[in-house]
Engineer: 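Below you will find the structure I want to go over with you.
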Amino acid sequence: MSRKLSMIRDVDKHINETVTIGCWLHNKRSSGKIQFLQLRDGSGYIQGVVVKSDVTQEVWDAAAKLTQESSLYVTGTVREDTRSKGGFELNVTGVEIIQITSDYPITPKEHGVDYLMDHRHLWIRTPRQRAILVVRAQIIRAIQQFFDERGFQLVDPPILTPSSCEGTTNLFHTKYFDEDAYLTQSGQLYMEAAAMALGRVYSFGPTFRAEKSKTRRHLIEFWMIEPEMAFVAHEENLEVQEQFVSHIVASVMKHCSKELEVLERDVTKLAQITAPFPRITYDEAVDFLKSNGHEFEWGEDFGAPHETAIAANYDRPVFITHWPTEIKAFYMKPDPNRPEVVLCADMIAPEGYGEIIGGSQRIDDPELMEERFAEHELSKEAYQWYLDLRKYGSVPHSGFGLGLERTVAWICGLDHVRETIPFPRLLYRLYP
Ligand code: 4AD
Ligand code: MG
């Protein structure tokens with residue numbers, strides 16, 4: 001049997017026409033002579049109106065049998081209806097049941113977070129979770145568009161790696177036949193090689209950190225976007241980042257207004273996200289914290305409360321630049337005027353969402369890189385290929401990594417990153 005199905009998102013192109021839609025029953029109300037079916041097909045929601053006097057007994061009975069999340073083909077005439085949420089209604093003429101569902105675990109009542117997480121495979125069917133995943137997909141589209149329009153090539157670094165990028169404390173270990181291997185924490189080192197081959201590149205892939213952190217900002221598996229740019233120094237790196245993040249926010253506001261409404265996101269906050277973004281140095285940030293009653297020593301890393309306090313001074317993301325060399329990664333280029341700090345920046349999102357980007361100019365000098373290898377006790381054998389990049393036509397270059405899930409959490413205004421990815425991998429949660 002072949003039938004031509006329409007999607008709910010396209011009903012505006014079928015006003016006063018009869019369409020058939022494959023869908024699920026989200027909810028139902030009945031007033032004796034009329035049944036109101038809240039229908040969803042993934043692309044949107046529409047109310048189906050079944051009027052007893054207008055349909056056959058068979059259709060009426062089929063509609064009456066429908067329970068939450070039952071699947072069906074519904075046929076009806078599309079009516080413009082300014083009172084309904086989506087602006088359209090379906091005057092139902094046919095109901096063909098695919099499956100009647102019983103005991104659906106997620107009812108319209110409130111459920112606890114653990115229960116919802118155990119039922120994540122069903123939880124994603126709710127309007128709120130759907131809205132988040134639609135925004136995530138739009139953010140991904142915006143990211144690809146930004147780089148594709150600016151001459152960056154998409155490059156895929158490996159997932160299984162023989163060595164670490166961001167330090168060895170939170171690596172996922174696995175066997176690679178007889179060798180040891182690790183799931184990638186960051187594709188950056190490979191992206192540096194790619195930038196020397198292709199100029200401007202970006203990667204978009206999963207990264208893994210075996211961090212024993214149970215916070216609302218940490219995932220064990222998260223997606224990172226890592227651009228790397230040959231012949232680009234620190235200041236231009238920041239300019240690309242602020243253009244990039246403003247582009248993403250503008251794109252979501254343009255294409256996802258319905259979803260942001262479902263999420264009750266205060267869009268006036270998002271409308272303020274335009275480049276340039278403020279920049280403060282690590283030193284200035286420390287002074288600010290100290291003069292506002294925080295216990296803090298120069299050389300420490302900022303925790304979530306520190307980031308939140310700093311970000312509260314701004315209505316858009318803020319760059320914290322020039323961090324102490326000793327607390328940042330081995331590959332960051334020291335400030336030539338002040339080698340105890342590096343040419344790097346973390347971008348802190350507003351409204352308490354924390355660091356969304358980490359980036360830096362990279363060391364391009366072969367001798368200094370060798371020194372860093374000695375200080376950090378990195379194996380020259382394991383990283384010989386990386387050292388080659390400083391030996392054969394080394395050039396100034398910079399890059400950064402944007403955490404996708406933290407960006408989704410911020411733009412959607414969510415309390416926790418667990419809702420930003422279809423199937424979150426969290427500390428002690430690998431199911432479903
Ligand atoms: O600051 P990070 O560790 O930087 C790097 O990995 C660099 N190699 C990137 C580069 O320059 N190419 O991570 C970058 C971003 C963070 O700002 C944060 O948004 C996100 O990745 N991130 C996490 N997101 C969710 N859960 C975690 N456990 C995360 N760790 C980092
Ligand atoms: Mg970082």
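Side-chain atoms are counted along with the backbone in the values below, which use heavy atoms only and exclude waters and symmetry mates. Starting from 1, each residue takes its place in the sequence as its number. Numbering of ligands and ligand atoms starts at 1, following listing order.
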Engineer: For Q68 and T101, which I'm curious about, is there any donor-acceptor pair between the side chains at under 3.5 Å?
Structural biologist: no
Engineer: Do you see a donor-acceptor pair shorter than 3.5 Å between the side chains of E192 and H397?
Structural biologist: yes
Engineer: How close does the nearest protein non-hydrogen atom get to atom 7 (C) of ligand 1, and which residue and atom is it?
Structural biologist: E166 OE2, 3.4 Å
Engineer: Could you tell me whether E228 approaches ligand 1 through its side chain, its backbone, both or neither, with non-hydrogen atoms closer than 4.0 Å?
Structural biologist: neither
Engineer: With atoms numbered from 1 as shown, which atoms in ligand 1 lie under 4.0 angstrom from a non-hydrogen atom of R217?
Structural biologist: 25 (C), 26 (N)
Engineer: Is the backbone N or O of I248 less than 3.5 Å from a side-chain atom of S251, with the two atoms forming a donor-acceptor pair by type?
Structural biologist: no
Engineer: Counting each atom of ligand 1 from 1 as listed, which ones have a heavy atom of I357 under 4.0 Å away?
Structural biologist: 17 (O)
Engineer: Considering non-hydrogen atoms of the protein only, which is the closest contact for atom 18 (C) of ligand 1, and what is the distance?
Structural biologist: R406 NH1, 3.6 Å
Engineer: With a heavy-atom distance limit of 4.0 Å, tell me whether Y331 approaches ligand 1 through its side chain, its backbone, both, or neither.
Structural biologist: side chain
Engineer: At a 4.0 Å threshold, what atoms of ligand 1 neighbour a non-hydrogen atom of G358?
Structural biologist: 1 (O), 9 (C), 10 (C), 11 (O), 17 (O)
Engineer: For the residue pair F147 and F244, is the inter-centroid distance of their aromatic rings smaller than 6.0 Å?
Structural biologist: yes
Engineer: Looking at H247 versus F146, is the centre-to-centre ring distance below 6.0 Å?
Structural biologist: yes
Engineer: Can you list, pair by pair, the side-chain donor-acceptor contacts under 3.5 Å of residues 402-410, counting residues two or more places apart and other chains?
Structural biologist:
residue, atom, partner, partner atom, Å
E405, OE1, W223, N, 3.0
E405, OE2, R136, NH1, 2.9
E405, OE2, R136, NH2, 3.3
E405, OE2, W223, N, 3.4
R406, NE, R217, O, 3.0
R406, NH1, E355, O, 2.9
R406, NH2, R217, O, 3.3
T407, OG1, G403, O, 2.7

Engineer: Quick check with a 6.0 Å cut-off and a 45 degree axis cone: is R390 positioned over the face of Y386's six-membered ring?
Structural biologist: yes
Engineer: Considering only non-hydrogen protein atoms, determine which one is nearest to atom 6 (O) of ligand 1 and report residue, atom name and distance to 0.1 Å.
Structural biologist: R209 NH2, 2.8 Å
Engineer: If you count the atoms of ligand 1 from 1 in the order shown, which ones are under 4.0 Å from a heavy atom of R362?
Structural biologist: 10 (C), 11 (O), 12 (N)
Engineer: Is the backbone of V341 close enough, under 3.5 Å, to the side chain of T325 for a donor and an acceptor to pair up by distance?
Structural biologist: yes
Engineer: Can you see whether R362 engages S398 through a side-chain donor-acceptor pair at a distance of less than 3.5 angstrom?
Structural biologist: no
Engineer: Please work out whether any backbone atom (N, CA, C, O) or any side-chain heavy atom from C-beta onward of F222 is under 4.0 Å from ligand 1, and answer side chain, backbone, both or neither.
Structural biologist: side chain
Engineer: So, for F302 and F296, is the gap between ring centers shorter than 6.0 Å?
Structural biologist: yes
Engineer: Give the numbers and elements of all ligand 1 atoms closer than 4.0 Å to a heavy atom of S186.
Structural biologist: 6 (O), 8 (N)
Engineer: Is the closest side-chain donor-acceptor distance between S43 and D41 under 3.5 Å?
Structural biologist: yes
Engineer: Look at atom 15 (C) of ligand 1 and say which protein heavy atom is nearest, naming residue and atom and giving the distance to 0.1 Å.
Structural biologist: G401 O, 3.6 Å
Engineer: Can you tell me if R425 contacts ligand 1 (heavy atom of the residue under 4.0 Å from the ligand)?
Structural biologist: no
Engineer: Among all protein non-hydrogen atoms, which one is nearest to atom 12 (N) of ligand 1, and what is the separation to 0.1 Å?
Structural biologist: E226 OE1, 2.6 Å
Engineer: Mark up the atoms of ligand 1 that fall under 4.0 Å of a heavy atom belonging to F400, in ascending order.
Structural biologist: 10 (C), 11 (O), 12 (N)
Engineer: Any atoms of ligand 1 less than 4.0 Å from a non-hydrogen atom of G403? List them with their elements.
Structural biologist: 15 (C), 19 (O), 20 (C), 21 (O)
Engineer: Which protein N, O or S atoms lie under 2.8 Å from the Mg ion (ligand 2), given by chain and residue number?
Structural biologist: E355 OE2
Engineer: Main chain of C344, side chain of S360: is a donor-acceptor contact present, judged purely on distance under 3.5 Å?
Structural biologist: no
Engineer: Please work out whether any backbone atom (N, CA, C, O) or any side-chain heavy atom from C-beta onward of E355 is under 4.0 Å from ligand 1, and answer side chain, backbone, both or neither.
Structural biologist: both
Engineer: Regarding R425 and the six-membered ring of F423, is the cationic atom NZ or CZ under 6.0 Å from the ring centre and inside 45° of its axis?
Structural biologist: no
Engineer: Among all protein heavy atoms, pick the one closest to atom 19 (O) of ligand 1 and tell me residue, atom and distance.
Structural biologist: I356 O, 2.9 Å
Engineer: What is the closest protein heavy atom to atom 26 (N) of ligand 1, and at what distance does it sit?
Structural biologist: L219 N, 2.9 Å
Engineer: Taking atom types as modelled and ignoring hydrogens, do the side chains of N237 and Q361 form a donor-acceptor contact shorter than 3.5 angstrom?
Structural biologist: no
Engineer: Classify the side-chain pair Q188/Y331 by whether it contains a donor and acceptor separated by less than 3.5 Å.
Structural biologist: yes
